[in-house]
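Just so we're clear, the structure is a prediction, and the values are computed from it rather than from any experiment. Counting starts at 1 for both ligands and their atoms, following the listed order. In what follows, residues are counted from 1 in the order of the sequence shown.
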Amino acid sequence: MSGASDGGWRPRTVAVHAGARRSQYGEVAEPIWLTQGFVYPSAEAAEARFLQAGDDEFIYARYGNPTTAVFESRIAALEGCEDGFATASGMAAVSGALMAMLRAGDHVVASRALFGSCLYVLEEVLVRFGVKVDFVDGTDPDAWRAAIRAGTKAVFLESVSNPALEVIDIAAVAALAHEAGALVVVDNVFATPVFSRAVELGADVIIYSATKHIDGQGRCLGGVILGSREFIRGTVEPYMKHTGGAMSPFNAWVLLGGLTTLDLRVRAQAATAQQLAEALQCHEKLSRVIFPGLPDHPQHAIARAQMGGPGTMLAIDLKGGKDAAFRFLNALQIAIISNNLGDARSIATHPATTTHQRLPDASKAALGITPGLIRLSVGLEDSADLLADILSALDAA
Ligand SMILES: *Cc1c(COP(=O)(O)O)cnc(C)c1O
């Protein structure tokens, strides 16, 4: 049985209880069903299950597994989607969702400000299979209008972009896409399931890298594709189960633990991010502080309307360029230099030389990835300690 959020549960209750499946032992914690496959009571039962597996019947862990199924129903209920398919990583979710739905000759419109690996899938992989991809400035509704045409199969966007934190108006893009009959695919990592309203704004397919806030403790990779039952079971599952991007049951178990505290963590991290952004706003060594929760953010109004909170990520731009950015990073005592995000530990990243190193300079400039830009993933540390750490690193820069 896959429980789900019957009874109109609110998100925090859903994140703890939805989709629970207990065995005959009535265990409290979710068991880790660390098994590759399942035994059938008879040859006839095996035949019947291959023909049509019931809700509580499994065949092979590449297709589905009880622990993974709990994670899928819980995160789907949290997002307000009918169903989900858990994947080995966020990129398995992005590539799997797109490869499952597209075929040669299809047209896709994507926002240009994307995570480097998402850009690779759209720009390098899909085109090899004859999919035509046009990139637009995702913050410009006219650019979407001009690029979407009759026969466009899908639009792809990061609702809050990595690393420059552009916020895209999901409802506006969805209206244009749906008029053309295109599916709206949203990589919603920076918005987080806690602040997301993507479904009510018109997103058809929502993707998370669970590696980020859902784990939130830097332990494992995971991802999930969320959407209608028809899309997940009819389009995504056949592709994923035969191509091998399934989530490990062990990772599903770790991520279920993450879901129980997700709401508390994300809200605390976002509150600290807001405090830091406000405190750093006028710092003399910074040319910009980018945070959707600041009134001077170009899409502040959209962020307020489409997210339940400002997010846990902020970006600062050091006037002194790369040298200053490196001095700043090397002087940090609490925030670590790494490239994950959404973690309990605050993490500082220099996108120009790491996550976005591959991009030509002109593309970096177009995306706001300047030599002085530092992306800060705000963690769960004491906000006063974090601010003191950042201020003294700025002194050293
Ligand atoms: C990290 C990330 C991904 C990829 O997730 P992995 O779990 O690392 O594969 C995709 N999109 C965005 C916006 C991300 O931040």
Quiz item: Quick one: do the Thr370 and Asp317 side chains pair a donor with an acceptor below 3.5 Å?
Solution: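 Yes, a side-chain donor-acceptor pair sits under 3.5 Å.
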Quiz item: Between the side chains of Gln275 and Ser383, does any donor sit under 3.5 Å from an acceptor?
Solution: yes
Could you list each nitrogen or oxygen of ligand 1 that sits under 3.5 Å from a protein nitrogen or oxygen, with the atom names and the distance?
| residue | atom | partner | partner atom | Å |
| --- | --- | --- | --- | --- |
| ligand 1 | 5 (O) | Ser209 | OG | 3.0 |
| ligand 1 | 7 (O) | Gly90 | N | 2.8 |
| ligand 1 | 7 (O) | Ser209 | OG | 2.8 |
| ligand 1 | 7 (O) | Thr211 | OG1 | 2.6 |
| ligand 1 | 9 (O) | Gly90 | N | 3.1 |
| ligand 1 | 9 (O) | Met91 | N | 2.8 |
| ligand 1 | 11 (N) | Asp187 | OD2 | 2.6 |
| ligand 1 | 15 (O) | Lys212 | NZ | 2.8 |

Practice problem: Walk me through it: do Arg375 and Asn162 pass the test side-chain hydrogen bond (donor to acceptor under 3.5 Å, both in side chains)? | Solution: CA-CA 9 Å; Arg375 188 188 78 183; Asn162 179 8; 2.8 Å; yes
Exercise. Might you point out which heavy atoms bring Leu78 and Pro193 nearest each other, and give the distance in Å?
Key: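 Between these two residues, the closest heavy atoms are CD2-CB, 4.1 Å.
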Quiz item: What heavy-atom pair brings Val289 and Leu286 nearest, and what distance separates the two atoms?
Solution: CG2-CD1, 3.8 Å
Exercise. Describe, in one word, how the ring planes of Tyr60 and Tyr63 are oriented to each other, choosing from parallel (under 30°), tilted (30 to 60°) and perpendicular (over 60°).
Key: perpendicular
